[in-house]
Amino acid sequence: MSVYVGNLSYEVTSEDLSDVFSEYGTIKRIHVPTDRETGRMRGFAFVEMEQESEEAAAIEALDGAEWMDRVIRVNPAKPRTDKPRYNRR
DNA sequence: GTTGAGCGTT
């Protein structure tokens with residue numbers, strides 16, 4: 001169970017996400033991927049809750065919501081695609 | 001500014 005949070009501002013941190021999502025359930029884990037090469041945020045994040053019902057509540061409440069002057073996107077996350085990454089630097 | 005890692009081809 002995990003939730004994808006996209007269209008985020010680059011100013012948003014995992015703390016902000018934790019703060020907001022904890023209103024709808026118990027945060028199990030927060031993951032904010034940063035670009036491996038630039039070290040900067042990629043404008044999205046992942047949140048895991050204890051229960052899927054909690055995630056659903058968060059999705060309903062936050063998807064399309066205006067946050068940090070930006071309409072964010074919240075959806076059930078897709079499993080990590082394990083696509084080949086041959087010549088990465 | 002939209003789907004996470006790492007190994008360094010898994």
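The sequence lines fix the lettering, A, B, ..., with proteins before strands; numbering per chain opens at 1. Note that these values count all heavy atoms, side chains included, but never hydrogens, waters or copies made by symmetry.
For the C1' atoms, the distance linking B:dC7 with B:dT2 amounts to 27 Å, nearest Å. For B:dA5 and B:dT10, the C1' atoms lie 13 Å apart once the distance is rounded to whole Å.
The hydrophobic clustering, which links ILVMFWY residues whose side-chain heavy atoms are closer than 4.5 Å, places A:Val32 and A:Phe44 apart. A:Val74 and A:Met1 are not part of a single hydrophobic cluster, where members link through side-chain heavy atoms under 4.5 Å apart.
A distance-only check finds no donor-acceptor pair linking the side chain of A:Asp35 to the backbone of A:Arg42 [under 3.5 Å].
Applying the side-chain contact (heavy atoms from CB on, under 4.5 Å) test between A:Trp67 and each of A:Val12, A:Val5, A:Asn7 identifies A:Val12 as the sole match.
Within the nucleic acid shown, A:Phe46 comes within 4.0 Å of at least one base atom, counting heavy atoms only.
Nearest-nucleotide mapping onto DNA chain B: of A:Ser9 and A:Pro79, the residue sitting toward the 5' end is A:Ser9.
The distance between atom CG of A:Leu62 and atom C1' of B:dT2, rounded to the nearest whole Å, is 16 Å. Atom CG in A:Asp35 sits about 12 Å away from atom P in B:dT3, given to the nearest Å. For A:Asp63 and B:dT3, the CG to P distance is 15 Å, given to the nearest whole Å. As a whole-Å value, the separation of A:Asn75 CG from B:dG4 C1' is 15 Å. For A:Arg36 and B:dA5, the CZ to P distance is 9 Å, given to the nearest whole Å. Separating the CD atom of A:Glu37 from the P atom of B:dG4 is a distance of 14 Å, rounded to the nearest angstrom. At whole-Å resolution of the value, CG in A:Leu17 and P in B:dG4 are 16 Å apart. What separates CZ of A:Arg42 from P of B:dG1 is a distance of 15 Å, to the nearest Å.
Under a cut-off of 6.0 angstrom, the local environment of CD in A:Glu23 is crowded, with over 12 non-hydrogen atoms contributed by other residues, nucleotides or ligands.
Applying the 4.0 Å criterion to OP1 and OP2 of B:dG1, one finds that A:Asn7 has a side-chain N or O inside that range. Residue A:Arg70 places at least one side-chain N or O under 4.0 Å from the OP1 or OP2 atom of B:dG1.
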Identify every side-chain donor-acceptor pair in residues 45-62 of chain A under 3.5 Å, counting partners at least two apart or on other chains, and give the distances.
from: A:Gln51; atom 1: OE1; to: A:Ser53; atom 2: OG; distance (Å): 3.4
from: A:Glu54; atom 1: OE1; to: A:Thr26; atom 2: N; distance (Å): 3.4
from: A:Glu54; atom 1: OE1; to: A:Glu50; atom 2: N; distance (Å): 3.4
from: A:Glu54; atom 1: OE1; to: A:Gln51; atom 2: N; distance (Å): 3.2
from: A:Glu55; atom 1: OE2; to: A:Ser2; atom 2: N; distance (Å): 3.3
from: A:Glu55; atom 1: OE2; to: A:Met49; atom 2: N; distance (Å): 3.2

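Across B:dT2, B:dG4, B:dG1, the shortest atom-to-atom separation from the side chain of A:Arg80 is found for B:dG4. Relative to the side chain of A:His31, the nucleotides B:dA5, B:dG6, B:dT3 differ in distance, and B:dA5 lies closest.
Residue-nucleotide stacking is present for A:Tyr4 and B:dT3, judged by a side-chain ring centre under 5.5 Å from the six-membered base ring centre and planes under 30° apart.
In this view, A:Asp63 and A:Arg73 satisfy the salt bridge (Lys or Arg N to Asp or Glu O under 4.0 Å) rule, not counting sequence neighbours.
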As a check on the pairing definition, encode DNA chain B in dot-bracket form, counting Watson-Crick and G-U wobble pairs whose two distances are under 3.5 Å, and using | for partners outside this strand. ..........
